[in-house]
Visitor: 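Can you keep this structure in mind? I'll have questions shortly.
Since the structure is predicted, the reported quantities are computational estimates derived from the model, not experimental observations.
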Amino acid sequence: MNKEIFSFFICVFSFFSAQKPVQIAFLSDVHFQDLYGSFSDHDFKGIMNPKTGKPTILRTMNSQLHSTRIFNENYFAFLKALDDIAAKGIKIIAMPGDFSDDGQAYNLRGLHRILDEYHQKYGIKFYLTTGNHDPVGPFRNDSGKDDFLGEKGSPLGIYSKENIGKSTDKVITKDIAESGYLEILNELKDFGFYPKKEDLFWSTPFAKDPFKNYTYKKALQSADYSQRMYEVAKGFYVPDLSYVVEPVKDIWMIAIDGNTYIPKDLNESSENTSNYKGASIGYNNVLTNKKHLIAWVRKLADEAKKKNKTLIAFTHYPMIDFNDGATHEIKSLLGQKKWQSERVPQEEVAKVFAEAGLKIHFAGHMHINDTGIRKVGESFLVNVQVPSLAAYLPAYKILTIHTPDKMEVQTEVLNEIPHFDELFPLYEKEYEALRDDTTKIFWNKDILKTKSYHDFMLFHLKELVRLRMIPDDWPKDFIQKGTKLNGEDILLLSQNSEREEAIKLLKQKGVLPESFRKWTFDDLLLDLYKFQSADELAKKDIPEERLEQYQILEKLYKENNSKDDPFVQQFKSLFKILSLISHGDPTDHFEIDLKRKEIRKL
């Protein structure tokens with residue numbers, strides 16, 4: 001081969017190597033709890049699992065089915081997701097908060113061990129930001145749980161000191177206390193919270209002149225806990241672990257610590273961790289009590305523009321309404337504080353951050369699959385909601401940066417998880433113990449017959465809706481009347497006529513009422529929650545015929561102008577909500593075009 005041809009191939013190879021897209025995987029709301037962990041000050045290692053012969057520290061199935069997340073099986077889902085990402089050759093993983101389940105020391109140690117293992121084995125770099133479960137408050141707080149599983153199948157309490165909790169069967173260990181920022185920083189500093197020598201750039205909102213003569217030594221000094229405090233309210237200084245990092249050339253990842261812990265009583269001590277409100281409201285409190293983050297993002301966006309850096313932000317909390325425009329209708333039907341409405345960000349959040357120059361933002365917190373876009377003047381912001389591995393539909397997102405203006409987002413659903421049923425014999429023991437207690441509401445044992453992680457998580461959603469969502473969120477009269485209906489009854493109700501007349505009217509429109517009998521009111525509510533959680537991916541878990549029938553019902557109730565029957569009006573609202581949350585922006589696989597300010601389904 002002559003030199004000219006050889007040189008040509010070298011140039012071509014170099015060009016395509018330079019153009020290789022950057023990929024980042026986003027794993028949110030892992031809620032890691034170390035099933036096989038241990039305590040530093042107690043020899044309790046859990047209860048023996050007859051299936052594996054291993055002691056296991058786990059929460060009860062009863063507690064899981066009353067929670068918006070599971071606590072145990074997500075351990076296996078996390079490992080599967082990491083294996084999946086490693087097999088794809090992705091080298092960067094961002095974790096937008098709730099990486100732990102309340103930041104207990106033994107869980108943080110277990111998480112550290114796993115992240116370090118995948119870093120050493122596959123060269124994966126992990127970048128974490130905090131959620132409202134890590135930490136639960138700004139400073140360490142004694143705590144514990146009443147609902148671990150005990151040897152005989154009854155609940156076991158594990159507490160950080162003697163005088164808390166209600167369980168008489170208990171274990172006392174300091175490792176179950178809720179860690180504060182300092183403890184989390186010390187344990188997990190290697191995963192984004194501190195700079196590394198190989199990072200091309202790293203800084204915090206508090207660093208002075210971070211862009212001028214950057215050095216690792218300067219960055220390391222600014223990473224110290226004492227240098228990362230701000231005044232959240234007069235006289236109250238709390239930590240902020242936000243940072244920006246350049247893990248590969250020309251990509252700036254902004255890890256925004258959206259936790260805003262506001263004191264309840266300004267006359268209390270600033271060190272009293274129980275005096276701080278929770279952070280679950282998210283960015284609404286950033287607008288009032290953490291404004292320095294907005295200025296910092298604007299500063300980063302301006303500098304990124306000058307230096308031709310691509311800016312990707314991730315936080316625990318959403319920046320855009322995640323209900324696809326249905327929030328007003330949800331409040332109207334259910335009430336102002338139902339369906340987690342207080343967690344919906346104000347429109348001002350998207351406006352402020354879009355105008356600050358942010359364009360791409362990944363969030364968690366809500367355990368849902370969703371995409372939201374906002375155009376504010378010439379500004380354009382895309383908010384990608386990353387699902388949780390601990391809720392339906394378990395999935396993670398992959399961002400592929402093709403060019404600074406064109407990016408691709410793909411949702412990877414975890415259907416099959418090795419060992420997801422490993423703990424089932426222990427739940428059998430729990431169920432037997434529960435049968436002897438007539439004061440308890442039974443959970444459905446059929447969940448132990450599920451054959452895949454997908455089916456297990458779908459069953460979890462079904463039980464969660466039955467045991468918690470319906471009793472807590474929905475008007476009792478609506479549920480009492482609705483539970484007696486099937487799909488045909490709901491269809492006929494839309495016509496404001498006697499049964500025979502309604503059937504006649506519908507048949508004239510080409511609608512066969514008897515074909516709607518296959519499903520019930522309860523099926524409808526569960527499908528509504530499937531759409532809320534999985535967006536367009538929920539369609540795979542709903543019969544096609546029923547989806548078509550929902551569209552008919554959406555149209556018929558929209559056309560119903562009667563205001564005489566409150567029950568009909570409630571159904572009208574329900575189908576409007578269903579229509580909105582099932583027809584949002586693409587969420588499965590889509591392209592983001594920043595130049596044209598649009599997203600396109602792939």
Visitor: Determine, for Phe206 and Arg228, whether the Lys NZ or Arg CZ falls below 6.0 Å from the six-membered ring centre while staying within 45 degrees of the axis.
Guide: no
Visitor: Ring centroids only, cut at 6.0 angstrom: are Phe32 and Tyr75 within range, meaning strictly under it?
Guide: yes
Visitor: Could Arg69 and Asp98 be called an ion pair, given the rule that one side-chain N must be under 4.0 Å from one carboxylate O?
Guide: no
Visitor: State whether a side-chain donor-acceptor pair under 3.5 Å links Lys290 with Thr260.
Guide: no
Visitor: Between His365 and Asn132, does any side-chain donor sit less than 3.5 Å from a side-chain acceptor?
Guide: yes
Visitor: For Asn369 and Lys397, does a side-chain donor sit closer than 3.5 Å to a side-chain acceptor?
Guide: yes
Visitor: Check the orientation of Phe314 and Tyr243. Use parallel for under 30°, tilted for 30 to 60°, and perpendicular for over 60°.
Guide: perpendicular
Visitor: Indicate whether the side chain of Asn74 and that of His31 have a donor and an acceptor atom separated by less than 3.5 Å.
Guide: no
Visitor: Within a reach of under 6.0 Å around NZ of Lys601, are more than 12 heavy atoms found that belong to other residues, nucleotides or ligands?
Guide: yes
Visitor: Return yes if a side-chain donor-acceptor contact under 3.5 Å exists between Gln227 and Ser222, otherwise no.
Guide: no
Visitor: Do you see a donor-acceptor pair shorter than 3.5 Å between the side chains of Thr315 and His361?
Guide: yes
Visitor: For Asp83 and Tyr118, test the side chains for any donor-to-acceptor distance below 3.5 angstrom and give the result as yes or no.
Guide: yes
Visitor: Indicate yes or no: at least one non-hydrogen side-chain atom of Ile320 is less than 4.5 angstrom from one of Gln385.
Guide: no
Visitor: Indicate whether the side chain of Ser203 and that of Tyr214 have a donor and an acceptor atom separated by less than 3.5 Å.
Guide: no
Visitor: Kindly check if the number of other-residue, nucleotide or ligand heavy atoms within 6.0 Å of NE2 (His112) is above 12?
Guide: yes
Visitor: Please check this pair: side chain of Glu73 against backbone of Ala77, looking for a donor-acceptor N/O pair closer than 3.5 Å.
Guide: no
Visitor: Does NZ belonging to Lys359 count more than 12 external heavy atoms closer than 6.0 Å?
Guide: no
Visitor: What verdict does the side chain to side chain contact (heavy atoms under 4.5 Å, CB included) test give for Asp257 and His316, after you've listed the backbone C-alpha separation in whole Å, the side-chain angles of each residue and the deciding distance to 0.1 Å?
Guide: CA-CA 8 Å; Asp257 175 2; His316 189 53; over 6 Å; no
Visitor: Determine whether more than 12 heavy atoms belonging to other residues, nucleotides or ligands lie under 6.0 Å from atom CD of Glu198.
Guide: yes
Visitor: When Arg109 is tested against each of Asp116, Asp34, Asp175 for salt bridge (Lys or Arg N to Asp or Glu O under 4.0 Å), which residue passes?
Guide: Asp175
Visitor: Assess the side chains of Glu183 and Asn186: does a donor N or O sit below 3.5 Å from an acceptor N or O?
Guide: no
Visitor: Under a 3.5 Å cutoff, is there a donor and acceptor pairing between the side chains of Gln64 and His460?
Guide: no
Visitor: Would you say His367 and Thr68 make side-chain contact, with heavy atoms under 4.5 Å?
Guide: yes
Visitor: Do Lys189 and Tyr194 meet the cation-pi criteria used here (NZ or CZ under 6.0 Å from the six-membered ring centre, within 45° of the axis)?
Guide: yes
Visitor: What I want to check is whether the side chains of Gln23 and Thr400 have a donor and an acceptor closer together than 3.5 Å.
Guide: yes
Visitor: Please assess Tyr127 against Phe193 for the test ring pair (Phe, Tyr, Trp, His ring centres under 6.0 Å), listing each intermediate value before the final yes or no.
Guide: CA-CA 8 Å; Tyr127 297 97; Phe193 292 123; over 10 Å; no
Visitor: Just so I know, are the side chains of Phe139 and Pro239 near enough to count as touching, which here means a heavy-atom distance under 4.5 Å?
Guide: yes
Visitor: If you count the non-hydrogen atoms of other residues, nucleotides and ligands that lie under 6.0 Å from NZ in Lys88, is the total more than 12?
Guide: yes
Visitor: Hey, does the side chain of Asp102 reach the backbone of Gln104 with a donor-acceptor pair shorter than 3.5 angstrom?
Guide: no
Visitor: Taking the side chain as C-beta and beyond, is there a heavy-atom pair between Arg374 and Glu347 under 4.5 Å?
Guide: yes
Visitor: Tell me yes or no: between the side chains of Ser143 and Asn141, is some donor less than 3.5 Å from an acceptor?
Guide: no
Visitor: Any chance NE2 of His589 has more than 12 other-residue heavy atoms, nucleotides or ligands included, within less than 6.0 Å?
Guide: yes
Visitor: Under a plain distance cut-off of 3.5 Å, with no hydrogens placed, do Ser242 and Asp240 share a side-chain donor-acceptor pair?
Guide: yes
Visitor: Taking it one step at a time, do Asp541 and His454 satisfy side chain to side chain contact (heavy atoms under 4.5 Å, CB included)?
Guide: CA-CA 10 Å; Asp541 289 318; His454 171 273; 2.9 Å; yes
Visitor: Would you mind reporting whether Phe531 and Lys539 have side-chain heavy atoms less than 4.5 Å apart?
Guide: yes
Visitor: Looking at Glu303 and Lys307, is there a salt bridge between them, counting it only when a charged N and a carboxylate O are closer than 4.0 Å?
Guide: yes
Visitor: Between Asn308 and Asp250, does a side chain to side chain contact (heavy atoms under 4.5 Å, CB included) hold up when you go through it step by step?
Guide: CA-CA 7 Å; Asn308 294 316; Asp250 295 335; 5.8 Å; no
Visitor: If you define the side chain from C-beta out and look only at heavy atoms, does anything of Lys217 sit under 4.5 Å from Leu220?
Guide: no
Visitor: Side chains of Tyr317 and Asn284: donor-acceptor distance under 3.5 Å anywhere?
Guide: no
Visitor: Quiz question: by atom type and distance under 3.5 Å, do the side chains of Asp321 and Thr327 form a donor-acceptor pair?
Guide: yes
Visitor: Could you tell me if Tyr216 and Asp199 have a donor-acceptor pair between their side chains, going purely by distance under 3.5 Å?
Guide: no
Visitor: Evaluate side chain to side chain contact (heavy atoms under 4.5 Å, CB included) for Leu580 paired with Asn323, printing each intermediate quantity in order.
Guide: CA-CA 8 Å; Leu580 288 167; Asn323 288 324; over 6 Å; no
Visitor: Do Tyr529 and Tyr392 pass the ring pair (Phe, Tyr, Trp, His ring centres under 6.0 Å) test, and can you show the C-alpha distance, the side-chain angles, and the key distance before you say yes or no?
Guide: CA-CA 10 Å; Tyr529 281 99; Tyr392 173 86; over 10 Å; no
Visitor: Using a 4.5 Å cut-off on heavy atoms from C-beta on, say whether the side chain of Tyr396 contacts that of Phe26.
Guide: no
